[in-house]
Amino acid sequence: MDSDAFDLILQQKPARVLLAVSREGGTYASVISREIESTFSHTTNILGKLEEQGIVMFEQDGSDNRVKRVELTQKGEATAALVEELSAVLDGKKTGKKGTAGKKTKKAAFRKDAGNYGEKLEMIKARIELISGEELEGRGSISQEDYVRIGRRLGPYRRELRKIMESGGKEDVKKAGGLDGEIEKVFGERERLRG
């Protein structure tokens, strides 16, 4: 047994990062850090350690070398399934029957391949509403710093929506397009408030 990997995964934040990557099916460090309520630097540090263990991998996203998506490796998918199962057992939701981890990994892969983005779209919708409320509600104007911060906060979600529009089912594509339109409205309001 690789005790470094074992010790890493049994810590709260790395386990939460692992499960967040599993749920998202390929995402960005900025999205994960918001989801687990951690700083970006701490999240990227954890992701680096998970990469060293062969649990996650980074892939360049488009032509921008700075933007990288993080995805689970095969080892990462199996690990995430076991962590989910352990969590369910500890929460009293499962009995911990042998052999379920492989089924769960296959199920997660099928969900990813089938393009079922319902939960992800709901999370993105909630984040757009939250960011819009926090950044723009009741304000008469915004500074250049505010303008840039809003773009940074919404940018990863916009990229996620575009990925869904490219690979999702008909309903998912429709919902993602609507949410992309909501981000466009926020950007329009941001532009208006900048002066």
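- Contact of the Leu193 side chain with the Tyr147 side chain is not registered, since no non-hydrogen atoms from C-beta on lie closer than 4.5 Å.
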Any chance you could lay out the salt bridge (charged side-chain N to carboxylate O under 4.0 Å, His left out) test for Glu59 and Lys68, step after step, and finish with the verdict? CA-CA 5 Å; Glu59 292 183 356; Lys68 293 185 179 175; over 6 Å; no

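- Arg139 has a carboxylate O that lies under 4.0 Å from a charged side-chain N of Asp146, or vice versa, which qualifies the two as a salt bridge.
- Listed for the Ser132 side chain is no donor-acceptor partner under 3.5 Å among the backbone atoms of Ile128.
- By the 4.5 Å heavy-atom criterion applied to side chains, Leu72 and Ser22 are counted as neighbours.
- When all heavy atoms of Asp172 and Ile164 are compared, the closest pair comes out as O-CG2, 3.9 Å.
- Ion pairing between Arg149 and Glu134 fails under the 4.0 Å rule for side-chain N and carboxylate O.
- Distance alone, capped at 3.5 Å, places no donor-acceptor pair between the Arg194 side chain and the Ile142 backbone.
- In this structure, Arg192 pairs ionically with Glu189, as a charged nitrogen and a carboxylate oxygen lie closer than 4.0 Å.
- Geometrically, Arg127 does not engage Tyr157 in a cation-pi contact defined by less than 6.0 Å to the ring centre and at most 45° from the axis.
- Within the 4.5 Å cutoff, the side chain of Ser30 has heavy atoms near those of the Arg34 side chain.
- Under the 4.0 Å criterion applied to side-chain N and carboxylate O atoms, Arg23 and Glu35 are assigned as salt-bridge partners.
- Put simply, the side chain of Val70 does not reach to within 4.5 Å of the side chain of Tyr28, judged on heavy atoms.
- Of the possible donor and acceptor atoms, none in the side chain of Lys175 sits under 3.5 Å from a partner among the backbone N and O of Lys170.
- Contact of the Thr27 side chain with the Arg69 side chain is not registered, since no non-hydrogen atoms from C-beta on lie closer than 4.5 Å.
- With contacts defined as side-chain heavy-atom distances shorter than 4.5 Å, the pair Gln144/Val148 qualifies.
- No path of Ile, Leu, Val, Met, Phe, Trp and Tyr side chains, each step under 4.5 Å between heavy atoms, connects Leu18 with Phe40, placing them in separate hydrophobic clusters.
- Using a cut-off of 4.0 Å between Lys/Arg side-chain N and Asp/Glu carboxylate O, Lys49 and Glu52 are scored as not salt-bridged.
- Formation of a donor-acceptor pair under 3.5 Å by the Lys75 side chain with backbone atoms of Val56 is not found in this model.
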